[in-house]
*Asks:* 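Next up is a structure, given as structure tokens.
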Amino acid sequence: MSQAKRLKVAPAADGQPAAQTRRIHLWSPPRACSTAMMYSFHNRPDTTVTDEPLYAHFLKKKPDLHRDERGAVEASQSSDWNEVVENVLMRHYPTPVVFHKHMAKHVYWEEDLSFMEHPESVHVLLIREPVKQLASWHRTKYERSMDETGLVHQFQLMSHLEARGKRVIVVDAAALLENPKEVLSDLCTQCGIPFYESMLQWPAGPRKEDGAWAYYYYASVHKSTHFSPEVTPIRPFPDVMKPLLKQCEPLYFFMRRHAIGVAAASNSNHSSNSLVWVRGRLMTQPSATILATDDVVGTGDAVRGCLRVFNNRCPLIDEHLRRIEDRSKLKGYRVESEERLKHAVHWTLASNDVRDGVVLRLVHDDGGLIVSTEPVPDTCHDICDEVRGSAPAGFRVVVSSNGDISNCHELGLCAVFGTKLVMPPEECRASDTVINAAMEMAGDLAKHIAANSKITAVERRDLKFAELAAADEVFVVMMAFKVLGIHRVNGQMVASGTDGPVTTEMQSEFETAITDEKRWATLPSW
């Protein structure tokens with residue numbers, strides 16, 4: 001029998017067996033919003049909170065560690081681990097929920113950790129972006145080490161608990177501050193407790209539950225009354241902290257992919273088991289998250305592309321890769337040969353054993369090539385102008401001073417007005433053989449559709465941005481040889497907000513055409 005099952009909960013004061021209690025342990029790094037989170041739970045009608053009950057034990061283990069508050073902490077708390085576990089962590093409380101705020105670095109693995117496995121215990125990791133955490137920590141006079149960040153302890157806690165069947169809930173401080181109701185509601189659900197609106201605000205000022213160190217650290221949170229988006233001062237990141245930042249980032253991004261909101265998004269991806277080519281080696285998609293998904297690389301001026309894979313073929317793969325190679329060279333990036341790039345594509349496909357129904361996403365910056373697979377898109381996208389828009393970069397339009405959209409051909413942007421289909425002008429062909437090939441096929445199909453549907457005219461010209469809101473249908477012809485309906489312009493719905501008849505017919509004709517195309521070479525065997 002494990003220690004967790006042998007551990008007893010202290011009885012109620014009247015000697016009767018204690019009712020089931022939900023004991024939430026928040027394990028946080030320093031310089032996160034852990035105290036605000038404690039205040040949020042303190043404002044619930046059913047919760048008791050404690051503030052870093054293991055701090056005195058931590059200081060006892062580190063007699064040479066300087067802390068201004070050492071004397072006050074040692075006078076206010078027991079430094080005996082077992083005593084704290086029995087009299088604080090596992091004691092009887094009059095409320096059905098108890099919230100213990102901890103610093104993750106206060107854990108000592110040689111001590112009795114059986115309280116962690118107790119059925120009443122729920123564990124939450126609060127993480128914060130290392131750039132912000134370390135910049136804040138740098139402004140203190142204390143030690144700057146990996147141990148002090150608490151990230152290693154958080155990672156060890158996650159591994160320790162999950163190995164013993166205890167699920168760990170992860171909350172990213174940035175998401176909590178941006179969307180407190182959404183994150184707290186989800187957190188409460190996962191903790192098995194109800195959400196209260198009162199958690200979203202609290203009265204200003206100190207609490208009797210505040211630790212003895214509140215005088216030194218809580219001035220800002222004592223002024224707060226609610227969660228609010230973080231406003232980070234614009235200042236240089238300290239050079240002395242950069243080596244520590246490099247150590248922290250992999251652990252943070254590993255835990256972040258499990259965070260509320262982030263985890264749900266990543267679980268909806270093509271497959272969490274798919275392999276991604278990252279700069280010369282294959283990695284599982286979760287392991288590559290910090291590179292391919294979280295935009296640590298591949299931002300700014302990175303060269304991007306996408307290849308359609310269907311029926312054991314990849315249209316114009318040589319042209320795609322030559323485009324990536326040429327544009328990367330123009331930007332001054334170190335580029336491998338076209339054959340090496342093709343090797344990366346083929347190896348990614350072979351390792352995932354896919355020959356149909358996917359799009360390969362390619363991102364190339366100065367660090368090298370990233371190749372990932374995802375399902376062929378079939379959902380609508382927003383399209384927007386560069387100034388106001390928040391749509392993905394591939395669906396942003398460039399508007400000239402006279403209102404014309406100057407990248408219609410590059411986007412493959414088309415619109416339907418009544419019985420007229422407007423497509424990019426043939427004379428303004430993009431300097432991109434892949435886009436040109438896709439648009440040439442679209443032009444041929446448009447003529448076919450015009451002869452067999454309500455479309456009476458195909459007009460080749462640039463669209464004006466103002467026209468899009470009045471269009472009956474808007475769609476793009478992607479370089480991945482896919483027609484994608486656009487349902488919103490700058491967030492405003494276009495027409496009915498669904499694919500119209502011309503878009504639908506163009507999609508069907510395109511799928512038939514690429515299936516029948518005989519010129520494209522088949523993929524190698526594996």
Side-chain angles (χ1 to χ4, degrees), residues 242 246 249-250 253 270 274-285 287-310 313-352 354-355 358-374 376-377 386 392-396 398 407 409-412 429-440 477-482 519-524 526:
K242 287 180 180 177
K246 290 180 179 179
E249 283 184 329
F253 284 111
H270 174 47
S274 64
L275 297 175
V276 179
W277 178 274
V278 181
R279 296 172 169 174
R281 65 188 185 276
L282 284 165
M283 307 169 69
T284 62
Q285 190 171 41
S287 298
T289 296
I290 67 169
L291 297 172
T293 304
D294 287 315
D295 287 334
V296 173
V297 298
T299 56
D301 286 336
V303 178
R304 302 169 187 270
C306 54
L307 291 81
R308 178 83 175 272
V309 180
F310 63 93
R313 291 180 293 168
C314 187
L316 304 177
I317 183 172
D318 293 332
E319 288 82 352
H320 267 287
L321 296 179
R322 198 170 300 124
R323 169 183 176 274
I324 294 286
E325 182 182 10
D326 291 345
R327 293 195 173 192
S328 296
K329 285 179 179 177
L330 284 174
K331 293 178 181 292
Y333 297 155
R334 298 184 298 272
V335 185
E336 293 188 87
S337 67
E338 185 181 325
E339 283 304 308
R340 289 290 297 170
L341 297 178
K342 187 183 293 187
H343 170 75
V345 169
H346 286 162
W347 199 354
T348 303
L349 289 171
S351 299
N352 290 291
V354 290
R355 294 181 178 274
V358 297
V359 166
L360 281 172
R361 293 285 179 186
L362 289 80
V363 178
H364 198 296
D365 66 1
D366 200 34
L369 180 68
I370 297 172
V371 185
S372 59
T373 63
E374 63 183 55
V376 178
E386 289 191 315
F395 292 94
R396 289 187 183 145
V398 179
N407 61 334
H409 196 103
E410 184 179 346
L411 287 173
R429 300 174 69 84
S431 59
D432 191 311
T433 55
V434 178
I435 295 172
N436 286 338
M439 288 307 301
E440 183 178 348
V477 179
M478 300 175 65
M479 71 171 69
F481 289 83
K482 173 74 176 179
R519 294 173 295 169
W520 298 327
T522 59
L523 295 171
W526 54 71

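These numbers were taken from a predicted model, which means no experiment stands behind them.
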*Asks:* State whether Arg323 and Glu319 are salt-bridged, where the test is any N-O pair (Lys NZ or Arg NE/NH1/NH2 against Asp/Glu carboxylate O) under 4.0 Å.
*Replies:* no

*Asks:* Once you round to the nearest 0.5 Å, how far does CD of Glu336 lie from OG of Ser328?
*Replies:* 11.0 Å

*Asks:* Given side chains that start at C-beta, do those of Trp277 and Ile370 come closer than 4.5 Å, heavy atoms only?
*Replies:* no

*Asks:* Let me confirm one number: the SG-CZ distance from Cys314 to Arg355, rounded to the nearest 0.5 Å.
*Replies:* 12.0 Å

*Asks:* How long is the span from the CH2 atom in Trp347 to the CZ atom in Arg281, to the nearest 0.5 Å?
*Replies:* 12.0 Å

*Asks:* Could you measure the distance from the CD atom of Glu339 to the CG atom of Leu321? Nearest 0.5 Å is fine.
*Replies:* 9.0 Å

*Asks:* Using side-chain heavy atoms (C-beta onward) and a distance below 4.5 Å, is Asp326 in contact with Arg322?
*Replies:* yes

*Asks:* Does the side chain of Thr348 reach to within under 4.5 Å of the side chain of Leu275, using non-hydrogen atoms?
*Replies:* no

*Asks:* Applying the salt bridge (Lys or Arg N to Asp or Glu O under 4.0 Å) criterion to Asp365, which one of Arg279, Arg327, Arg304 satisfies it?
*Replies:* Arg279

*Asks:* Measure the acute angle between the ring planes of Tyr333 and His364, then classify it against the limits of 30° and 60° as parallel, tilted or perpendicular.
*Replies:* parallel

*Asks:* Does Asp366 come within less than 4.0 Å of Lys331, counting only side-chain N to carboxylate O?
*Replies:* no

*Asks:* Apply side-chain contact (heavy atoms from CB on, under 4.5 Å) to the pair Lys342 and Asp318, showing each step before the final yes or no.
*Replies:* CA-CA 8 Å; Lys342 187 183 293 187; Asp318 293 332; 2.6 Å; yes

*Asks:* Asn352 and Val358: side-chain contact (heavy atoms from CB on, under 4.5 Å), yes or no, with the steps?
*Replies:* CA-CA 11 Å; Asn352 290 291; Val358 297; over 6 Å; no

*Asks:* Only one of Ile317, Leu349, Val354 clears side-chain contact (heavy atoms from CB on, under 4.5 Å) with Val309; which?
*Replies:* Leu349

*Asks:* Do Leu369 and Val278 make a side-chain contact, defined as non-hydrogen atoms from C-beta onward lying under 4.5 Å apart?
*Replies:* no

*Asks:* Decide yes or no for Val359 and Leu307: does some side-chain heavy atom of the first lie under 4.5 Å from some side-chain heavy atom of the second?
*Replies:* no

*Asks:* I want to check something: taking the side chain as every heavy atom from C-beta on, are Arg308 and Leu360 in contact at a cut-off of under 4.5 Å?
*Replies:* no

